[in-house]
Amino acid sequence: MGDRGKSAYWLWRYMVFAVSLLSAAELRTEPISLDDLALTGEEREWLAAHPVIRVGVDVAWAPVEYVGRGGHLQGISADYLAYLGHRLGVRFEPATHLTWPETLRAVRAGELDMLASVRPTPERLTYLSFTAPYVSMPIMVFARDDSPFVEGLDALAGRAVAVVAGYAIEELLAVEHPGLALRPAENVTDALRLLASGKVDAFVGNLVTTTHALESLGFTQIKVAGETPYSNAQAMAVAKGQQPLAGILEKALGGMSDAQHKAILGRWLASSRKPDEGPTWLWHVLLGGLAVLTLVLLWNLALRRRVDARTRQFKGELARRRESERRFLTLFDNAPDAIVVIDGDSGRLLAVNSNAEAMYGMSRERLLHVKPWELSPEYQPDGQRSAEKAKHMIDRALAGEIVAFEWLHKSADGRTFPCEVRLVGMPSADGRQVRGSVIDISARKRAEADMQLAAGVFDNTAEAIFVTDADARIVRVNRAFTQITGYRPEQALNENPRLLCSGRHDQAFYERFWRTLQKTGNWQGEIYNRRQNGEIFPCWQNVSAVRDPQGRCIQYISILSDISDKKQTEAQLRRLAHYDVLTGLPNRLLFNERLEHALTLARRGKHEVALLFIDLDNFKTINDSLGHPDR
């Protein structure tokens with residue numbers, strides 16, 4: 001670079017420095033007492049115990065945050081951290097040696113206290129607490145100059161689309177636009193190089209950092225080719241284990257004036273492109289520099305207006321997103337099933353809801369240190385080891401399969417209970433994860449066992465049983481029904497029980513039968529029925545009405561026993577009691593009963609009765625010799 005070129009370059013640097021001073025002047029603030037922040041006692045104690053706060057950053061995300069030539073953190077995040085450190089009296093120590101995926105894992109493991117700039121997502125909400133966003137950047141579609149305008153993300157279905165690995169937009173696109181063929185890149189620069197070389201068809205990223213990267217790379221063949229419904233609402237996030245810090249940051253950020261926010265954003269959202277070497281003559285350089293300075297000042301004013309509009313838009317979006325996140329967390333924690341999130345690599349539980357705590361009888365803190373097979377007996381009912389089977393099911397879910405199966409779990413008190421488990425893989429920037437819903441099916445298993453027992457009793461009882469609906473149509477019979485009546489199920493089903501009528505009973509009998517059944521819900525008694533072959537047989541029948549909770553009759557259950565043998569036995573006993581075994585003539589007992597009956601009728605009718613006595617000669621000899629068996 002010649003002397004004149006150097007003069008032009010340093011004139012440009014002077015102008016940029018002047019603009020930076022204008023913005024930086026608005027950031028100057030006198031030290032503010034912590035009393036002005038209304039910190040709680042717990043928050044004050046936390047600050048006193050943590051003079052150094054470990055911060056996770058994305059070192060390749062200019063101008064939001066990046067590492068400059070001296071190895072120091074620069075960008076929007078760095079200015080905010082400098083302001084907050086001055087105001088709170090602490091030192092923020094950025095971890096600039098980690099990549100972004102490594103940074104996310106570190107804050108999750110408790111190795112870092114917070115993240116300087118990150119977008120909330122449902123998955124991140126499980127282990128981070130977020131402040132209100134302090135900058136919002138629209139997400140756009142970038143393509144080569146020869147590409148047509150993109151009418152929505154669905155127009156890219158089936159095409160290769162670059163995204164930065166671990167960024168929130170990767171998770172959103174994977175979930176809400178599964179038709180895109182995503183190509184994760186390590187950072188924005190690598191993603192733009194993939195696009196410039198034709199290895200991908202488009203890149204989806206935020207407008208500010210992508211424009212900055214294009215200027216740094218000098219790429220002129222890439223353009224903004226479409227819009228998306230998303231934006232990067234960047235906030236600070238605190239690890240769940242450092243909860244007081246979230247309130248401290250929220251209060252400190254809330255105490256910043258609009259002018260202070262605009263000063264930081266105005267400084268970094270302006271173009272950072274270095275100018276080309278100046279014209280030949282210094283006069284032209286000076287005139288050009290003055291024009292550039294004027295343009296920069298005008299651009300700064302326009303930018304501030306845009307920032308104001310974006311801020312208003314962002315606040316509305318933030319309120320909607322917070323409400324959406326609140327609803328999501330409420331639904332997650334109050335879901336009727338036990339819900340767990342499982343790390344696909346280690347198998348450890350990453351998140352659980354309140355129903356999971358109740359089901360296992362353990363606190364959430366304790367559950368987050370165990371694995372599903374540690375909440376189970378060593379072996380499952382099918383003989384497989386719980387650990388081996390659980391890992392196999394998790395691998396199937398990670399492969400994209402929706403896995404549903406029964407599982408035997410164990411609660412904190414050692415009680416085992418059957419469950420129905422459903423596993424599905426979840427996209428996540430922090431690794432492979434699986435969401436599981438667990439339902440305790442103990443009651444269902446008991447009901448199934450009761451039903452099997454009832455069915456066994458129904459089918460194997462010796463009495464004939466048939467069930468009718470409320471309209472007296474037979475809907476079910478057991479085996480004994482077929483054995484006793486001769487009617488096979490297909491002959492009896494949907495028929496009226498009148499197919500068993502014998503004709504032995506008159507209409508008055510059946511009217512009494514129905515009146516008793518409707519009044520008391522039960523009738524039992526002796527009745528004659530007819531078999532399928534036409535044979536009439538006596539039986540003892542019990543009929544009961546089944547009612548619903550509203551008292552309406554929905555079924556009738558009839559149980560009948562064939563008492564033919566009993567009737568024959570009774571008849572035989574009556575004959576033995578009333579007739580002589582030898583002669584077959586009525587004996588003295590029957591004579592006395594008949595005489596008593598005749599006398600009763602005579603007294604009732606007031607008439608006489610004649611009694612004849614016949615004597616047989618030598619009958620005593622016959623009776624003594626033949627009437628009694630030898631003892």
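Heavy atoms only: backbone and side chains are in, while hydrogens, waters and symmetry mates are out.
Using cut-offs of 30° and 60° on the angle between ring planes, the pair Trp100 and Tyr167 is perpendicular. A parallel orientation is assigned to the rings of His50 and Trp46, their planes being inclined by less than 30° (bins at 30° and 60°). Using cut-offs of 30° and 60° on the angle between ring planes, the pair Tyr230 and His177 is perpendicular.
For the pair Val164 and Glu170, the minimum side-chain heavy-atom distance is 4.5 Å or more. A 4.5 Å side-chain heavy-atom check between Val204 and Ile139 finds at least one atom pair inside the cut-off. Within the 4.5 Å cutoff, no side-chain heavy atoms of Val52 are placed close to those of Val90. Residues Ile222 and Asp145 have side chains not in contact (no heavy-atom distance under 4.5 Å, counting atoms from C-beta outward). No side-chain heavy atom of Asp395 sits less than 4.5 Å from a side-chain heavy atom of Glu401. With contacts defined as side-chain heavy-atom distances shorter than 4.5 Å, the pair Leu88/Ile248 qualifies. Two residues are said to be in side-chain contact when any heavy atoms from C-beta on lie closer than 4.5 Å; Met114 and Phe92 meet this criterion. Residues Val370 and Leu375 meet the side-chain proximity criterion, which asks for heavy atoms closer than 4.5 Å.
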Please walk me through it: do Val341 and Thr126 pass side chain to side chain contact (heavy atoms under 4.5 Å, CB included)? CA-CA 9 Å; Val341 178; Thr126 61; 5.5 Å; no

Exercise. Check the pair Asn206, Trp61 against side chain to side chain contact (heavy atoms under 4.5 Å, CB included), reporting the backbone distance first and the verdict last.
Key: CA-CA 11 Å; Asn206 80 71; Trp61 203 34; 3.5 Å; yes

Check the pair Met236 / Phe130 against side chain to side chain contact (heavy atoms under 4.5 Å, CB included), numbers first and verdict last.
CA-CA 6 Å; Met236 292 187 179; Phe130 289 82; over 6 Å; no

Item checked: Glu420 vs Arg422, salt bridge (charged side-chain N to carboxylate O under 4.0 Å, His left out): CA-CA, chis, key distance, verdict -> CA-CA 7 Å; Glu420 186 175 84; Arg422 184 181 178 89; over 6 Å; no

Next item on the list: For side chain to side chain contact (heavy atoms under 4.5 Å, CB included), just list the numbers for Leu128 and Val107, CA-CA rounded to whole Å, side-chain angles, deciding distance to a tenth of an Å, and then say yes or no.
Entry: CA-CA 9 Å; Leu128 292 172; Val107 74; 4.1 Å; yes

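Between Arg364 and Glu357 there is a salt bridge, since a side-chain N of the basic residue sits under 4.0 Å from a carboxylate O of the acidic one. A salt bridge between Arg124 and Glu171 is absent, with no side-chain N of the basic residue lying under 4.0 Å from a carboxylate O of the acidic one.
Here CE of Met426 is found 10.5 Å from CD1 of Ile342. Values are rounded to the nearest 0.5 Å. The distance from atom CD of Glu93 to atom CG of Leu81, rounded to the nearest 0.5 Å, is 12.0 Å. With rounding to the nearest 0.5 Å, the separation of CD in Glu151 from CD in Glu227 is 9.5 Å. Taking CG from Leu194 and OG1 from Thr189, the interatomic distance works out to 11.0 Å, rounded to the nearest 0.5 Å. Atom-to-atom distance recorded for Phe142:CZ and Ser147:OG is 13.0 Å, nearest 0.5 angstrom. A distance of 9.5 Å separates CD in Glu43 from CG in Leu245, rounded to the nearest 0.5 Å.
Remark: the backbone N or O of Glu365 is paired with a side-chain donor or acceptor of His369 at under 3.5 angstrom. Although no hydrogens or angles enter the test, the distance criterion places a donor-acceptor pair under 3.5 Å between the side chain of Glu102 and the main chain of Thr99. Counting only distance, with no hydrogens or angles, the side chain of Asp113 and the backbone of Arg54 share a donor-acceptor pair below 3.5 Å. For Glu65 (side chain) and Gln74 (main-chain N/O), no donor-acceptor pair under 3.5 Å exists by modelled atom type. Without hydrogens or angle criteria, Arg119 side chain to Ser231 main chain gives a donor-acceptor distance under 3.5 Å. Formation of a donor-acceptor pair under 3.5 Å by the Ser376 side chain with backbone atoms of Pro372 is found in this model. A distance-only check finds no donor-acceptor pair linking the side chain of Gln242 to the backbone of Val238 [under 3.5 Å]. Under a 3.5 Å cut-off, the side chain of Thr210 and the backbone N or O of Leu207 do not form any donor-acceptor pair. Using modelled atom types, one side-chain atom of Gln234 and one backbone atom of Val118 make a donor-acceptor pair closer than 3.5 Å. With hydrogens and angles ignored, the 3.5 Å screen pairs no side-chain donor or acceptor of Asp337 with any backbone N or O of Ile339.
The shortest heavy-atom contact between Leu73 and Ala78 is O-CB, 3.4 Å. Looking at every heavy atom in both residues, Ser117 comes nearest to Tyr134 through CB-OH, 3.3 Å. Between Val150 and Ala155, the closest heavy-atom pair is CG1-CB, 4.2 Å. Taking each heavy atom of Phe219 and Ala196 in turn, the nearest pair found is CE1-CB, 3.9 Å. Heavy-atom minimum distance, Ala356 versus Val352: CB-CB, 3.9 Å. In terms of heavy-atom proximity, Ala397 sits nearest to Leu423 at CB-CB, 3.9 Å.
Under the 6.0 Å cut-off for aromatic ring centres, His261 and Tyr80 qualify, their centroids lying closer than that. Side-chain rings of Tyr360 and His409 approach one another, their centers coming within less than 6.0 Å.
The side-chain tip of Lys391 points at the ring of Trp373 from less than 6.0 angstrom away and within 45° of straight on.
Just one of Arg432, Arg435, Arg108 meets the salt bridge (charged side-chain N to carboxylate O under 4.0 Å, His left out) condition when paired with Glu123; it is Arg108.
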